[in-house]
Amino acid sequence: MTRPSEVKPREGDLPAALFKDWQIGAEFPELRFTITPDVIDEYLSVVSGTPEAYVIDGRRAAPPNVVAVYLMAVMYRKYPPQQGGIMIGNTFSFHHPIWADEETEVIGSGRLEDKYEKKGRKYICYSVDFRRADGQKLTSIVHTSAFPE
């Protein structure tokens with residue numbers, strides 16, 4: 001089992017990436033982790049989810065957004081966290097279930113899609129794809145955050 005805290009640096013652990021450091025098109029190094037039935041159950045308890053809500057053809061699945069807790073860890077491998085970031089929005093695309101009754105090795109990879117300034121605020125937009133180790137795409141997320149500087 002890989003908890004997000006095991007792979008996600010904390011603010012202040014490393015010198016923070018500043019807006020000027022972000023390069024459009026920059027690829028993020030792969031992040032490998034394992035989602036287990038215990039991770040899924042813990043996620044369900046935190047979001048007040050019910051296992052019965054996630055059944056596909058009689059088989060229990062994880063909430064499809066369970067990978068969201070690993071999203072920033074993928075980006076942080078290239079750009080360490082800066083204090084004061086504000087999450088503006090996420091767009092999810094779900095492609096294949098993560099089964100709740102097995103361990104799933106996941107590979108997260110992504111890239112910086114855009115950065116811009118608007119009304120005095122600095123924005124970054126990045127995408128992350130989560131795939132199983134066998135290549136099956138699970139989820140894609142496009143994320144936008146604003147940062148001070």
Side-chain angles (χ1 to χ4, degrees), residues 1-49 53-54 56 61-100 102-149:
M1 161 174 35
T2 309
R3 295 188 181 285
S5 60
E6 295 172 28
V7 295
K8 182 178 172 186
R10 309 298 265 168
E11 291 177 356
D13 284 352
L14 300 167
L18 303 176
F19 187 75
K20 65 179 179 55
D21 300 325
W22 293 76
Q23 299 297 315
I24 295 172
E27 300 282 332
F28 306 148
E30 287 186 350
L31 174 65
R32 291 178 176 259
F33 57 94
T34 303
I35 294 180
T36 63
D38 288 343
V39 168
I40 294 164
D41 290 341
E42 185 174 332
Y43 184 79
L44 281 167
S45 73
V46 170
V47 299
S48 299
Y54 305 98
I56 300 169
N65 58 343
V66 70
V67 295
V69 297
Y70 301 91
L71 172 66
M72 295 183 113
V74 175
M75 176 267 293
Y76 285 162
R77 293 173 61 76
K78 174 91 175 156
Y79 297 108
Q82 179 188 99
Q83 292 189 6
I86 301 167
M87 182 185 301
I88 302 300
N90 292 303
T91 302
F92 286 78
S93 298
F94 303 112
H95 303 279
H96 192 276
I98 296 171
W99 299 114
E102 65 185 27
E103 292 190 358
T104 302
E105 184 182 353
V106 178
I107 301 168
S109 61
R111 66 183 291 238
L112 183 66
E113 300 293 343
D114 199 7
K115 76 177 198 178
Y116 56 92
E117 294 187 51
K118 184 176 177 181
K119 296 183 181 178
R121 191 171 273 166
K122 294 173 172 46
Y123 294 86
I124 54 101
C125 179
Y126 63 91
S127 62
V128 173
D129 289 324
F130 292 99
R131 292 178 163 29
R132 288 192 326 212
D134 66 8
Q136 173 67 55
K137 187 185 270 190
L138 299 167
T139 306
S140 298
I141 306 171
V142 177
H143 175 91
T144 304
S145 283
F147 289 93
E149 189 174 77

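Between the side chain of R32 and the main chain of E105, no donor-acceptor pair closer than 3.5 Å is present. The backbone N or O of L18 sits less than 3.5 Å from a side-chain atom of D21, completing a donor-acceptor pair.
Contact check for I40 versus P63: side-chain heavy atoms found under the 4.5 Å cut-off. Contact of the Q23 side chain with the Y79 side chain is registered, since non-hydrogen atoms from C-beta on lie closer than 4.5 Å. For the pair K122 and I124, the minimum side-chain heavy-atom distance is 4.5 Å or more. Residues V106 and Y70 have side chains not in contact (no heavy-atom distance under 4.5 Å, counting atoms from C-beta outward). Using a 4.5 Å cut-off on side-chain heavy atoms (C-beta onward), I98 and F130 make no contact.
If you take CE on M87 and CG on L71, they are separated by 7.0 Å, rounding to the nearest 0.5 Å. Between the OG1 atom in T34 and the CD atom in E102 there is a gap of 11.5 Å [rounded to 0.5 Å]. The distance from atom CE of M75 to atom CG of L31, rounded to the nearest 0.5 Å, is 12.0 Å.
Residues meeting the ring-ring contact (aromatic ring centres under 6.0 Å, His included) test with F28, sequence neighbours left out: Y126. For R132, the salt bridge (charged side-chain N to carboxylate O under 4.0 Å, His left out) partners two or more places apart in sequence, or in a different chain, are D134. Under the rule for a side chain to side chain donor-acceptor pair (under 3.5 Å), the partners of Y43 that lie at least two apart in sequence or sit in another chain are N65. The side-chain contact (heavy atoms from CB on, under 4.5 Å) check on A68 picks up F92, with sequence neighbours excluded.
Nearest approach of A73 to R77, heavy atoms of both residues: O-CG, 3.3 Å. Considering every non-hydrogen atom in both K137 and H96, the closest pair reads O-CB, 3.3 Å. Across V67 and P64, no two heavy atoms sit closer than the pair CG2-O, 4.2 Å. The shortest non-hydrogen separation linking P80 to K78 is CD-O, 3.6 Å.
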Without placing hydrogens or testing angles, list every side-chain donor-acceptor pair under 3.5 Å for residues 107-116, not counting sequence neighbours.
residue	atom	partner	partner atom	Å
R111	NH1	E113	OE1	3.3
E113	OE2	S127	OG	2.5
K115	NZ	F19	O	2.9
K115	NZ	W22	O	2.8

Could you pull out all donor-acceptor pairs under 3.5 Å where a side-chain atom in residues 140-148 meets a protein atom, sequence neighbours excluded?
residue	atom	partner	partner atom	Å
S140	OG	H95	NE2	3.4
S140	OG	D129	OD1	2.6
H143	ND1	N90	OD1	2.6
H143	NE2	S145	OG	2.5

